[in-house]
*Asks:* 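Pasting a structure here, questions to come.
In the text below, chain A, chain B and the rest are named by the order of the sequence lines, each starting its count at 1.
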Amino acid sequence: MRVLYFAWLRQKVGIAEEEVAPPAEVRDVAGLIRWLAARSSGHAAAFADPRQVRAAVNQDFATPDQPVAANDEVAFFPPVTGG
Amino acid sequence: MRVLYFAWLRQKVGIAEEEVAPPAEVRDVAGLIRWLAARSSGHAAAFADPRQVRAAVNQDFATPDQPVAANDEVAFFPPVTGG
Amino acid sequence: MARILVQDAAFDLAAETAAVTAGRVDVGGVASFLGVCRGDDGLAALVLEHYPGMTERAISRIAEQAEARWPLTACTIIHRTGRILPGEPIVLVLTASSHRAAALESCAFLIDWLKTGAPFWKREEFASGDHRWVAAKAEDDEAAARWTGAA
Amino acid sequence: MARILVQDAAFDLAAETAAVTAGRVDVGGVASFLGVCRGDDGLAALVLEHYPGMTERAISRIAEQAEARWPLTACTIIHRTGRILPGEPIVLVLTASSHRAAALESCAFLIDWLKTGAPFWKREEFASGDHRWVAAKAEDDEAAARWTGAA
């Protein structure tokens, strides 16, 4: 599973992307966030306030209950501020 | 009194402007229209359908009951179609 | 202070846009509407007539209303007259503001009002040699009227 | 078919406008919105980040929605990324249609949705050396949401 981080999530985690192999009990976006948050203090800081975190699975916006699987590209980022 | 005609009113009257001296009983735009319509067949044709005629007195849009006086500039034209 | 021009000549959209942002850092958005002459039904040309003096005054008043209603940093209205061919621009409304909604709304307001509140008359000339004066549209009156409702 | 570009480079408003009218006579109006970087509070630069691939897809979908909702003859969206200085353009939305209301409304719709539906993130850099990520605004969500209400 490829995980990408953008904006201040990237800065807090300290990397722009990583390949991860979460255990089978990680089934959805919310579960992935909990698992990732335990990987480092940077990850913990990035996911400290879940209300400020948005996700995409395979480049579509995703809700916390969206399933995730081994070959997915999952991205985490703050609410968007373009335009 | 200076009277101006625009668009198809100008074409029907046959002139773009004229100096007129209506009698004292011509007090407002509606009265002026009645008086002008009697001046020629072109004038009569221009004012044949008053619903299609708009007026301005001294370069402000005017209603039929707007007073007119000797030194005014009065214009007649169809509903506007700019933009 | 609005920039208002009524002229036969073409205008330069890029130059007009650049002029409202040049040398300032308080402009967040520039909205524009460019009205273009369509070539429907064999139209060969539009000929636009105006009432010199009154037309400019009427546009100035519409612009003043927009500037009173929205916080604009610039407002440019250029309306062409004379003979205009299909595909050529007729009118430019350009508004700038710190806030995008003010720029967008005032631009729509101005073009809606120009259609009904400024003395211009369009005559259509056809390839066949026929010509006719364009009739005012009820939908234009409605578009202008919605700005006077609750908003 | 919308023209969508996400790029660091500046863009040419005049060329984009000319492209949507060139060689055709069915365009009655071209509406555009140009978003510009303001220099509030000592801002030295904006740095815009995006999600390559997803950003273009998200914009394409928004453009498809606009093209389904309004009869557009053209739809151009250009969003810059990277470092942008106060006074410089950030984003261009340009819509063309036979009808002015379609061009004006779709342009407003697209810029409202770009603010909330396309993955871009802005970081502000100040003359003092401070920097901060721009927070999303509730008013932008509201502006985008009004397009899903009764209209």
*Asks:* Side chain, backbone, both or neither: which part of B:Arg10 has a non-hydrogen atom closer than 4.5 Å to chain C?
*Replies:*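 Answer is side chain: those atoms of B:Arg10 sit under 4.5 Å from chain C.
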*Asks:* Go through C:Gly35, C:Ala58, C:Ala118 and name the one with the most non-hydrogen pairs under 4.5 angstrom from chain B.
*Replies:*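 Ranked by heavy-atom pairs under 4.5 Å with chain B, first place is C:Ala118.
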*Asks:* Between C:Arg61 and chain B, with a heavy-atom cut-off of 4.5 Å, which part of the residue counts as in contact: side chain, backbone, both or neither?
*Replies:*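 Contact with chain B: side chain only.
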*Asks:* Over 60° means perpendicular and under 30° means parallel, so tell me whether B:Phe6 and C:Trp121 are parallel, tilted or perpendicular.
*Replies:*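 B:Phe6 and C:Trp121: parallel rings.
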*Asks:* So which atom in C:Lys122 and which in B:Thr81 form the shortest heavy-atom distance, rounded to 0.1 Å?
*Replies:*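 Minimum heavy-atom contact is N-OG1, 2.9 Å.
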*Asks:* Testing the basics here: between C:Gly117 and B:Phe61, what is the closest heavy-atom pair and its distance to 0.1 Å?
*Replies:*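 Minimum heavy-atom contact is O-CE1, 3.3 Å.
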*Asks:* How far apart are the closest heavy atoms of B:Val80 and C:Thr116, and which atoms are they?
*Replies:*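 So the minimum-distance heavy-atom pair works out to CG2-O, 3.3 Å.
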*Asks:* More than 12 heavy atoms of other residues, nucleotides or ligands under 6.0 Å from CG of B:Asp65: yes or no?
*Replies:*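 Counting neighbours around CG of B:Asp65, more than 12 heavy atoms of other residues, nucleotides or ligands fall under 6.0 Å, so yes.
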*Asks:* Need one label for B:Gln11: side chain, backbone, both or neither, based on atoms under 4.5 Å from any heavy atom in chain C.
*Replies:*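 Answer is side chain: those atoms of B:Gln11 sit under 4.5 Å from chain C.
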*Asks:* Considering non-hydrogen atoms only, spot the tightest contact between C:Tyr51 and B:Ala56 and give its length.
*Replies:*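 Closest heavy-atom pair between C:Tyr51 and B:Ala56: CE1-CB, 4.3 Å.
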*Asks:* Using non-hydrogen atoms and a 4.5 Å limit, figure out which bit of B:Asn58 sits close to chain C: side chain, backbone, both or neither.
*Replies:*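 Only the backbone of B:Asn58 comes within 4.5 Å of chain C.
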*Asks:* Report the option among B:Pro78, B:Ala75, B:Pro79 that has the most heavy-atom pairs separated by less than 4.5 Å from atoms of chain C.
*Replies:*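 Going by pairs under 4.5 Å, I would pick B:Pro78.
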*Asks:* Closer than 3.5 angstrom, by distance alone: can the side chain of C:His79 be matched with the main-chain N or O of B:Gly83 as a donor-acceptor pair?
*Replies:*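 Looks like yes, one N/O pair under 3.5 Å.
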